[in-house]
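Quick caveat: nothing in here was measured; it's all calculated off a predicted structure. The figures here come from the full heavy-atom set of this structure, side chains too, leaving out hydrogens, waters and symmetry mates.
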Amino acid sequence: MDSTRRLGPVADTAAATVLDVPSAQGGDGPNHAHGLQDKTDTKAASEETHEAQPHIQTQMSETVADEDFSVFIVAQKRAIILTGSLAGWFSPMSGSIYYPALNQIAGDLNVSNAKITLTVTTYLIVQGLAPMMIAGFSDKAGRRPAYFICFTIYIVANLALALQNNYVALLILRMLQSGGSSGTIALANGVVGDCVTSAERGKYIAYASIGTILGPSLSPILGGLLSQYLGWHWIFWFLLILAVAVLVPLALFLPETCRNIVGDGSVPPPWSSANITDRIRFQHRAAKGIEVDRNKMAKLRKNYKLSIPSPLGTLVVLSDFESALILVATGLALACMYAIWTGASTVFSTAYGFDDLQVSLMFLPTGGGSIISAFTTGRLVDWNYRRHARRLNFPVRKNRQTDLSHFPIETARMQIALPMFLVGAAAIAGYGWMMDHKISIAGPIVMFLIQGYCLGGAFQCLNILMVDIYPGQPATATAAGNVTRCLLGAAASAAIVPMSAAMGNGWAYTVLAVIFALSIAGPVASMRYGIKWRQAKKEKMQKRAEAKTEKPQQTGD
């Protein structure tokens, strides 16, 4: 049998135009060394496809879901995702708003810069670990209860931080603040996975990325202004006020989207996720004669429970081989940015004599590059998905989820991300050597712009890929990404200052760039073997499910 027919639901016409990477199933035939076929095979495959058309259509219909993925219209999806993204702003904002004030805080508390940098490192460690608890909880109990938990912890931590004047208290409370805010990033990506299919995920990337973009770009400016004119305590007063202002409308109006709770949005949420928006929406649906599917509601309620948050779901994702390869590269993309931001205060004040406000303005080019990336990368991601779908005669339906078991989703995503990895690595090394030679400030600005575009774009592509691989657990998949991102970021942030002091900025950032560039080996391997790994994982899960089903029957016998 032709090896391309093992793609299952992919139509056999793919034999004529197989992907421009090796077959994920091995391609062991004589004409498959590079996934290509000669003209004779193409003609035969074409004739065979024509004769087997009814069979192909049956396969395609089985690949596409029978029902719409979400009952929310496009405008509602955008509003929901944008709201979740803005709520997710608190995690990166709380970290980066702090950077311009590091020197001032060290002076006021009479501690060294190294000790203050430790508060950045511990913040990032907790930022990586805390979502492990809340993500799995939100995938089972709903997004809204998880948001309440996160914001409550965050508000209490900011109040305490605004009132303290002790280094130990600062260190501990920053970790508590991180624990409250960090879950919002996982929840924001969970909302995206709830509402948007893989084929459309790219065009929503700009809305989903707003929080991540605003964090590193605007937050340092706010921190610089507040610390320079009002004192660093006002950074935490500002965060406290803003958190309360966001929580109130979020509690009143953000609908529950978790698919394990409300399905496609056509099932009313339980009491723990009740809100004004859902109540009005279901009243309107009832007025139009749209009844709630009681069978679907009973099935969802059967498995619903408010459980104690657990990290097990995230640990399962982290233990998966393909996920680990992708997550290391994802984590290093932002870890490099964290290292640059952490060292910026010292580097720019030493090399150019900048004050807190001037240092904060240097983060703007990074934000500008990230914004441009968000609005262009998404279109490229969707375009490449459709390109591969057309070549493989794979169905693409608006608001209909498709089975990606036999679709090379890793290739479709990584072909956009890989060039960004390489250019981003070059920009990191270039920035380091520019700082060593203290060239015109225009040089670092250009490097920051390129870093924002490339590192931000690569991170978003891999983030989308993780949600593609775990469609039923988007928040958990994102939490796994947070673990690697923040732990690697913590290591990079802690190491960059002593590295720069020991070997100079040029070599320090070159080492960082080389490590980042080498991390693409993992995603490249997933392009080659991704389908094979996912199919093996799916078969393993099916066997476990069958074993669980057979066990009660045997007990009953």
Side-chain angles (χ1 to χ4, degrees), residues 67-73 76-77 79-88 90 130-156 179-181 183-184 186-195 243-313 472-476 478-479:
E67 299 179 349
D68 285 345
F69 186 71
S70 175
V71 298
F72 295 109
I73 63 175
Q76 291 173 327
K77 289 179 183 178
I80 292 169
I81 292 172
L82 184 60
T83 302
S85 181
L86 290 175
F90 283 95
M132 294 174 61
M133 306 294 291
I134 203 66
F137 172 82
S138 76
D139 281 335
K140 295 178 180 178
R143 311 300 179 205
R144 288 176 56 80
Y147 271 121
F148 289 136
I149 294 173
C150 289
F151 272 92
T152 299
I153 295 172
Y154 183 72
I155 289 171
V156 170
S181 65
T184 58
L187 296 176
N189 283 280
V191 169
V192 176
D194 293 336
C195 301
V244 173
V246 169
L247 177 60
V248 172
L250 185 146
L252 293 175
F253 303 114
L254 181 68
E256 180 59 72
T257 62
C258 180
R259 302 186 68 82
N260 294 323
I261 305 299
V262 298
D264 58 1
S266 62
V267 175
W271 64 269
S272 58
S273 296
N275 61 91
I276 294 175
T277 300
D278 278 332
R279 182 173 298 180
I280 295 173
R281 185 164 61 88
F282 281 100
Q283 286 177 350
H284 286 168
R285 288 171 64 87
K288 294 178 181 179
I290 304 174
E291 299 294 333
V292 175
D293 187 335
R294 296 297 172 183
N295 292 329
K296 184 187 291 185
M297 183 174 178
K299 185 178 180 180
L300 291 171
R301 291 293 184 274
K302 183 178 179 181
N303 299 321
Y304 168 74
K305 62 178 180 179
L306 286 172
S307 58
I308 298 174
S310 169
L312 290 179
Q473 301 172 288
T476 301
T478 304

Can you see which heavy atom on [X] is nearest to which on [Y], and at what distance?
X	Y	answer
Phe72	Gly265	CE1-CA, 4.3 Å
Val292	Met297	CG1-SD, 4.0 Å
Lys140	Ile261	O-CD1, 2.9 Å
Ile134	Cys150	CG1-SG, 3.9 Å
Gly84	Ala188	O-CB, 3.3 Å
Phe90	Ser181	O-CB, 3.8 Å

(message) Does anything in residues 243-257 form a side-chain hydrogen bond (donor to acceptor under 3.5 Å, both in side chains)? List the pairs, not counting sequence neighbours.
(response)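 Qualifying pairs: Asp194-Thr257, Glu256-Ser273.
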
(message) So, taking the atom named CG in Leu250 and the one named CZ in Phe148, what distance separates them when rounded to the nearest 0.5 Å?
(response)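 Here the rounded value is 7.0 Å.
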
Flag the pair [X] / [Y] as yes when at least one side-chain heavy-atom distance between them is below 4.5 Å, and no otherwise.
X	Y	value
Thr184	Tyr154	no
Lys296	Asp264	yes
Ser272	Arg144	no
Leu86	Val246	no
Ile80	Pro255	yes
Ile290	Phe282	no

(request) List in chain and number order the residues that pass side chain to side chain donor-acceptor pair (under 3.5 Å) with Asp278, two or more places apart in sequence or in another chain; answer none if no residue qualifies. (result)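 Expected list: Asn275, Arg281.
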
(message) Which residues pass the side chain to side chain contact (heavy atoms under 4.5 Å, CB included) test with Thr83, not counting sequence neighbours?
(response)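 Only Leu254 meet the side chain to side chain contact (heavy atoms under 4.5 Å, CB included) criterion with Thr83.
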
